[in-house]
Amino acid sequence: MKLVRSLDFLDISSDLIIDLALQAKLLDHGRLALVGGAVRDAFLSDLCSGACQRTPDLDFVYEGDMNLFCIRLQAYFGLQRMQQLRLHDHFGTATLQLDSVRIDLASARLETYPSPAENPLVVFSSLENDLSRRDFTVNAMALVVNADGDSELLDPYGGSHHLISRELVFLHDESVSEDPTRVIRGARYAARLGFSLGTQSIRQVKSTLQLWPWSWRFGDPVDLVPPALGTRLRMELELLFNNEPWPQALSSLQDWSALSLLDQNLQNDSLLYPRLRCANRLQLPLLCALLSAAADPVALSQRLQIPGQQQRWLEELLLFRRWLETDVLITSWGEWDALQWTCSLEQECWTPEVVALSICDHQVCWRPLLRWWGRWRHVSAEITASELINQGVPPGPRLGDELHKSRLQAIERMR
Ligand code: CTP
């Protein structure tokens, strides 16, 4: 489909885009096109009368040499207008800030996957081939911008029809197997835009995941995991939790049987939402809380390479769960008061975040754990160190003991 229209419908200065297109034309007549989320959101905004949020950055694809293009842009715009230019010549990409607009530039490329879920091999190519490597039809539209202020829509996969039917449709049958992170992207877009994944695309997700494993199986060394099942999957999950309506996105992933990408326990867990809602209230990192419900949280956290401190919390959580079973739940813990809970927990030096993760398990004893986490652990001694010194207690271990005793007395008086 080809559609010529003025650039005015974009929510940004069309002069800036026209200037970019002019520089591309003057350089070597290579086409310059706005692609990805900016095009999708602009058309969507048009369809629903401006109700759609704009993407914060603009992605352009350029059919030509990125290094030469950046040199030309620098000379034309000058340092005042064009800031923070970062050129990755080898990858044919650049990011820059132009009149405070963040712009990502990439040379048009074709990607092939040496094996499923690995990073793709890249060769510079045409705009059409660049669109063919993308995830969803609505993200595979390009507005080729002309120096006269018009633009021409390239929409080889019918993305504009799917914008109207509010559907996410993969470009081809191998899309998920090549890049399984697209399933998480689909859940993000569906939740954010109120779209649904097309029937054939849902079939593709389910059938591809049933064919698991890729070259890597659960239990294989985590450092051999392909990036799209490891670090890149984590990055998409972080975007899901940080930027999107995550309850809807997670529910879509479960509906599509897609949480088996992470772990079968997560896929089958009907209490995932209450767990994460609890984690949200306790201000825990949600991805870490999600992984805590996996069959092997530690292995999964290593596979996804979540931050080291969170990996250690999950290791400690396994010990904490065992401690609860062997040292607490077999006792008459229901009769324990604030002091006994505090002494038991603090004697073992459990990390507060680990206790918080365990509260999200909704174990039978979650209430006293929550009271410790929320109140008892914050109680301080009723007397200060300087008051004790004034009373004749010498600085040193005895002072520490007295302060500790005073704190425990304060807790003992609590209900
Ligand atoms: N893309 C893809 N497959 C991926 C990642 C990205 O096909 N695994 C393509 C999509 O065409 C996407 C574009 O690269 O539109 C840019 O990716 P990204 O910046 O993540 O998304 P945006 O298009 O900017 O959309 P949004 O920011 O709204 O998520």
Side-chain angles (χ1 to χ4, degrees), residues 10-12 33-45 52-62 88 91-96 101-113 116-122 125 127-143 153-160 162-163 166 168-195 197 201 204-205 208 226-246 249 258 261:
L10 293 173
D11 193 19
I12 36 163
L34 187 62
V35 290
V39 179
R40 177 199 67 220
D41 290 352
F43 276 94
L44 204 52
S45 208
C52 174
Q53 267 189 353
R54 267 233 335 97
T55 51
D57 53 352
L58 299 178
D59 289 318
F60 285 94
V61 167
Y62 172 58
H88 306 283
F91 298 107
T93 59
T95 57
L96 53 103
V101 179
R102 203 194 114 107
I103 292 183
D104 288 338
L105 294 169
S107 294
R109 63 204 48 222
L110 178 66
E111 289 180 347
T112 47
Y113 289 81
E118 288 293 347
N119 285 337
L121 299 173
V122 174
S125 184
L127 184 53
E128 284 74 9
N129 279 339
D130 194 285
L131 295 181
S132 76
R133 73 185 172 88
R134 291 172 184 266
D135 48 5
F136 297 101
T137 60
V138 294
N139 281 346
M141 305 192 293
L143 269 184
L153 177 67
L154 275 189
D155 183 14
Y157 303 97
S160 43
H162 293 140
L163 281 179
R166 304 188 84 81
L168 295 164
V169 177
F170 293 122
L171 260 52
H172 56 81
D173 292 344
E174 303 305 314
S175 191
V176 175
S177 131
E178 286 182 346
D179 181 358
T181 67
R182 288 173 174 161
V183 179
I184 313 291
R185 292 176 66 80
R188 294 207 284 115
Y189 290 127
R192 188 196 322 161
L193 304 171
F195 280 29
L197 190 62
S201 297
Q204 184 183 152
V205 171
T208 309
L229 296 174
T231 47
R232 281 181 38 219
L233 199 57
R234 185 207 67 233
M235 286 155 77
E236 287 294 342
L237 287 163
E238 280 170 346
L239 290 172
L240 182 150
F241 282 121
N242 296 339
N243 301 349
E244 316 286 6
W246 57 264
L261 251 182

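FYI, the numbering just counts along the sequence from 1. Atoms within a ligand are numbered from 1 in the order they appear, just like the ligands themselves. All values reported here derive from a predicted model rather than from experimental measurement.
Within the listing of ligand 1, atoms 8 (N) sit less than 4.0 angstrom from a heavy atom of Thr181. Ligand 1 places these atoms under 4.0 Å from at least one heavy atom of Asp59: 16 (C), 19 (O), 24 (O). For ligand 1, the atoms sitting less than 4.0 Å from at least one non-hydrogen atom of Arg40 are 25 (O), 26 (P), 28 (O), numbered in the order shown with element in parentheses. The atoms of ligand 1 that sit less than 4.0 Å from any heavy atom of Asp179 are 4 (C), 8 (N).
Which of Arg185, Arg232, Glu178 comes nearest to atom 18 (P) of ligand 1 through a heavy atom is settled by distance: it is Arg185.
Of all heavy-atom pairs spanning Thr137 and Tyr157, the tightest one is CG2-O, 3.4 Å.
By the ring pair (Phe, Tyr, Trp, His ring centres under 6.0 Å) test, Phe60 is found to be paired with no residue, residues two or more places apart in sequence or in another chain being considered. The salt bridge (charged side-chain N to carboxylate O under 4.0 Å, His left out) search around Glu174 returns none, not counting sequence neighbours.
Considering backbone and side-chain N/O of Gly37, one or more are found under 3.5 Å from N/O of ligand 1. Residue Asp41 has no N or O atom closer than 3.5 Å to an N or O atom of ligand 1.
Ligand 1 lies less than 4.0 angstrom from a heavy atom belonging to Tyr189. Assignment of Glu236 to the shell around ligand 1 is not supported, since no heavy atom sits closer than 4.0 Å.
The backbone N or O of Thr208 lies less than 3.5 Å from no partner atom in the side chain of Ser177, so there is not a single donor-acceptor pair.
Side-chain contact annotation: Arg192 with Asn243, donor-acceptor N/O pair under 3.5 Å absent.
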Problem - Intermediate values then yes/no, salt bridge (Lys or Arg N to Asp or Glu O under 4.0 Å), Arg234 and Glu238 - result: CA-CA 6 Å; Arg234 185 207 67 233; Glu238 280 170 346; 3.3 Å; yes
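Using a 30° and 60° split on the angle between ring planes, Tyr189 and Phe136 fall in the perpendicular class, above 60°.
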